[in-house]
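All values below come from the heavy atoms of this structure, side chains included, with hydrogens, waters and symmetry mates left out.
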Amino acid sequence: MLQVNFIRENKTLVTEGLKKRNFNNPEILDEILKTDDLRKQSQRQLDDILAQSNKAAKEIGALMQQGKREEAEKAKTAVAELKAQSNQLKEQLNQANTDLENLLFQVPNQPNALVPAGNTDEDNEVFKAWDKPMPTLPEGSQPHWELTKKYDIIDFELGVKITGAGFPVYKGQGARLQRALIQFFLDEAIAAGYVEYIPPLIVNEASGRGTGSLPDKEGQMYYIGKDDFYLIPTAEVPVTNIYRDVILDTKDFPVKMCSYTPCFRREAGSYGAHVRGLNRLHQFDKVEIVRLEHPDRSYAALDEMLAHVEMLLGKLELPFRILRLCGGDLSFASALTYDFEIYSAAQERWLEVSSVSNFETFQSNRMKCRYKDENRKNHLVHTLNGSALALPRIVAGLLENHQTPEGIVIPKALRPYTGFDMIK
RNA sequence: GGAGAAGUGGCAGAGCGGUUGAAUGCACUGGUCUUGAAAACCAGCGUAGGUGUGAGCCUACCGGGGGUUCGAAUCCCUCCUUCUCCGCCA
C-alpha cells in the first residue's frame, strides 16, 4: 500500500496516477488524508491523557511509599476521570487506524512514469517486438489440445474426473517434459545467482496481505476456511513474505530468490476459447524469481530480470515479444510491469508466459520490509518478481510451434533434461 | 489427539505489581591507545506513532489479543508458537 505521507506530499501526482489506471474513486485520497488527520488528532489527545495519568500513577506510588494513604486514595479518584477519557480516545484511535488501513488497501500502486496510458490489453505498448520471421507450420498442424491427445501426454478429461476442469493430468513424456522444464528453469535461475527456496504452498492471511494478494485478489485464491489459510496463487506470496518484518543491512542487497511451486487459481469468471487446453488452469507449475533491492537499484534489477526471461525463451526457441503494460492493465500492486508473450502459431495468437514487475515500496510497506542506511535510518526496500517461467503456455508453445509430421521436436537446451529429443 | 513446561532487545539471560524500554554478558558501530592488529578503556547501540526548524520531548511495544489495577514484562482470560512425555503416522 502507499504511504500516507507520500499521498499527502504528492497528491497531484497520485491523482494523475489513479487516473492513468482508470481508478474510479479518486475522492478516496481526500478521505485518506482526512482520516489520517483524525488519527493524528486522536493520537495527540490520547498521548496527552496517558502522560497525565502516568504522572499521577507515579505520584500515587510515591505517596503510598511515604505512607500517606489518604492522599493516595484521593489522587486515585482523580485518575478515574482520565481513565474514562483515555478509553474513549483509544477506541477512537483504533477506529481511525482500521478505517485508514481499509482505505489505503483500496488504493493501487502509483504507476511508473513509463507506464503508458490506456484501459485494456489493447493499449499495452509493444516494448520489444519479434523481429525475426514468424514460424510457419506444416500442413495439417494442430493446436496443443489436439496434440496432447494425439501423443497421449496430457489428459484433460481425466483431470475433470479426479478434480474438475483446469486440473490436467500429465502423463509419460508429458510428465517428463514438465519436470524437465522445472529443472531447466531452476538451474538457469540458480546460475544467475538466485537462491532456491521450497516454500509452503499454503499461507496464512498475514502473508496474503503482505504481497497485496489480499484483499485485492481474495476471490482468486482457494481458501481453506477450516484453518483460515489460502492456497498460493504464485510462489511470490510465500517467498516474498520470507522477508516480512525484516530489517536488512545495505550489504544484504541484492536479495535474489527463486522457487518452483504449483500455483492455484480459482479463475472465477473465465470462460470461452481463451481457457481451452493449457491456456488457463486452476493448478499449474511455475518457477518464480523474486528480488529485494535498494530503491536506487530496483529498475536496473528489473532490466536484469527481463534479460533473464529473454534468455530462457531464446533457449527454448520460441518467438516472443515484450509488452509494457498500460495503466488499465497494470496489476494492483505493480508500479511497472512487462509481460512476455510467445506466439502460438497453431492458435495464431500471443500467449502470456511471464510477467515481470517492480512493486517499489508497495509490498514492502505492507510487509514492513526495510533496510538500514549508513545513518542507521530505516527505509522501505523495493520488491520485484517475475515468472521464469510459467509452464502451461510454454508447453503449449513448444508443442504447437515445434510440431512436425514426425513428432514434436524438443529444443536443444532442454534435451539434457528430457532425455529425449522428440515427443512421438 | 492427550498430559506437562516455556515464550523478554541481534543472541544469551536477569527481572515476577511501582521511578524498568527493561540489569548483565556477548555481538555490532564510533573513538582512545598501537607501526598494524589484538587486548584494554570510553561512548553509542530496538521499533513505531505524535510533536518541534532543531537538540529534544511525549506515547506505545517484554509471542498476539483482551482483562484486573491509580500503576503490569510481572496477576487473570484467550489464541498462537516452541520444547518434553504419551498416542498415531508418510
Side-chain angles (χ1 to χ4, degrees), chain A residues 1-9 32-104 198-210 214 224-230 238 241-253 255 262 292 361 363-381:
Chain A
M1 67 187 154
L2 294 180
Q3 298 174 90
V4 181
N5 284 341
F6 179 82
I7 296 174
R8 197 178 284 283
E9 285 156 25
I32 286 170
L33 295 181
K34 216 177 75 198
T35 309
D36 190 48
D37 286 339
L38 178 66
R39 190 199 110 248
K40 283 187 187 177
Q41 189 200 324
S42 309
Q43 182 81 59
R44 249 191 327 263
Q45 291 173 347
L46 177 62
D47 284 357
D48 185 51
I49 300 286
L50 289 176
Q52 285 182 50
S53 112
N54 283 345
K55 209 171 131 209
K58 278 178 192 168
E59 282 165 11
I60 291 168
L63 289 172
M64 299 284 263
Q65 279 184 340
Q66 292 164 33
K68 299 179 181 167
R69 287 254 310 280
E70 274 177 35
E71 282 181 54
E73 287 304 323
K74 225 171 93 190
K76 277 190 198 180
T77 53
V79 175
E81 170 72 9
L82 292 174
K83 178 88 172 173
Q85 284 181 45
S86 76
N87 280 340
Q88 200 193 332
L89 283 166
K90 246 183 234 172
E91 219 164 285
Q92 193 180 312
L93 179 64
N94 284 341
Q95 190 58 50
N97 273 326
T98 48
D99 287 351
L100 183 61
E101 189 173 61
N102 286 336
L103 288 168
L104 284 170
I198 301 179
L201 307 181
I202 294 173
V203 294
N204 56 29
E205 189 185 330
S207 294
R209 284 179 172 270
L214 289 174
I224 304 169
K226 206 164 181 181
D227 298 291
D228 204 14
F229 289 150
Y230 295 85
N241 272 283
I242 290 170
Y243 283 90
R244 171 150 49 87
D245 293 321
V246 169
I247 300 177
L248 295 162
D249 210 276
T250 41
K251 67 174 189 293
D252 296 328
F253 290 122
V255 175
L292 307 184
T361 59
Q363 293 183 327
S364 60
N365 187 34
R366 283 191 183 184
M367 289 202 306
K368 295 287 166 275
C369 176
R370 292 155 294 179
Y371 71 95
K372 214 174 259 301
D373 71 12
E374 304 71 34
N375 305 315
R376 315 188 107 261
K377 273 202 71 176
N378 294 334
H379 307 274
L380 296 171
V381 308

* To do: For the residue pair A:V203 and A:N241, establish whether any side-chain heavy-atom pair is separated by less than 4.5 Å.
  => no
* Asked: Should A:Y243 and A:V255 count as side-chain neighbours, where that means a heavy-atom distance under 4.5 Å?
  -> yes
[N] to [M] separation - [atom1] atoms, rounded to the nearest Å:
N	M	atom1	result
B:rA23	B:rG9	P	12 Å
B:rA14	B:rU24	C1'	7 Å
B:rU47	B:rC86	P	44 Å
B:rC45	B:rA22	P	11 Å
B:rA27	B:rG46	C1'	15 Å
B:rG1	B:rG87	C1'	8 Å
B:rG13	B:rG17	P	22 Å
B:rC62	B:rC57	C1'	24 Å

* To do: Applying side chain to side chain donor-acceptor pair (under 3.5 Å), run through A:S207 and A:R244 and close with a yes or a no.
  => CA-CA 8 Å; A:S207 294; A:R244 171 150 49 87; 2.9 Å; yes
* Asked: OP1 or OP2 of B:rA48 sitting under 4.0 Å from any side-chain N/O of A:R370?
  -> yes
* Asked: Could you run down nucleotides 57-77 of chain B 5' to 3' and tag each one B, S or - for protein heavy-atom contact under 4.0 Å?
  -> -SSS--------BBS------
Atom-to-atom span, [atom1] of [X] to [atom2] of [N] - whole angstrom:
X	N	atom1	atom2	result
A:D245	B:rG10	CG	P	12 Å
A:L63	B:rU19	CG	P	15 Å
A:K40	B:rA48	NZ	C1'	14 Å
A:K90	B:rG50	NZ	P	18 Å
A:Q45	B:rU51	CD	P	12 Å
A:N378	B:rG49	CG	P	10 Å
A:D228	B:rC79	CG	P	16 Å
A:R376	B:rG9	CZ	C1'	13 Å

* Asked: How does RNA chain B look in dot-bracket notation if pairs are Watson-Crick or G-U with both distances under 3.5 Å, crossing ones as [ ], other-strand ones as |?
  -> ((((((((.[[[..)..(.....]]].(((((.......))))).((((((....)))))).[[[[[..)....]]]]])))))))....
* Decide, yes or no, whether a salt bridge links A:D37 with A:R8 under the criterion of side-chain N to carboxylate O below 4.0 Å. => yes
* Asked: Any ion pair linking A:R69 and A:E73 (charged N to carboxylate O, less than 4.0 Å)?
  -> no
* To do: Ignoring hydrogens and angles, state whether a donor on the side chain of A:D99 or A:Q95 is under 3.5 Å from an acceptor on the partner side chain.
  => yes
* Over all atoms of both residues, closest heavy-atom pair of A:S42 and A:L89 -> O-CD2, 4.4 Å
* Asked: If only atom types and distance count, is the side chain of A:N365 paired as donor or acceptor with the main-chain N or O of A:M1 below 3.5 Å?
  -> yes
* Asked: Taking for each residue the nucleotide of RNA chain B bearing the nearest heavy atom, is the 5' side occupied by A:R44 or by A:A62?
  -> A:A62
* Does the pair A:L380 and A:C369 meet the rule for a side chain to side chain contact (heavy atoms under 4.5 Å, CB included), with working shown? -> CA-CA 6 Å; A:L380 296 171; A:C369 176; over 6 Å; no
* To do: Could you check which of B:rC45, B:rA48, B:rG50 has an atom nearest any side-chain atom of A:R39?
  => B:rG50
* Asked: Contact class for A:K372 vs. all strands (heavy atom < 4.0 Å): base, sugar-phosphate, or nothing?
  -> sugar-phosphate
* Asked: Of A:R44, A:Q43, A:Q45, which meets side chain to side chain donor-acceptor pair (under 3.5 Å) against A:D47?
  -> A:Q43
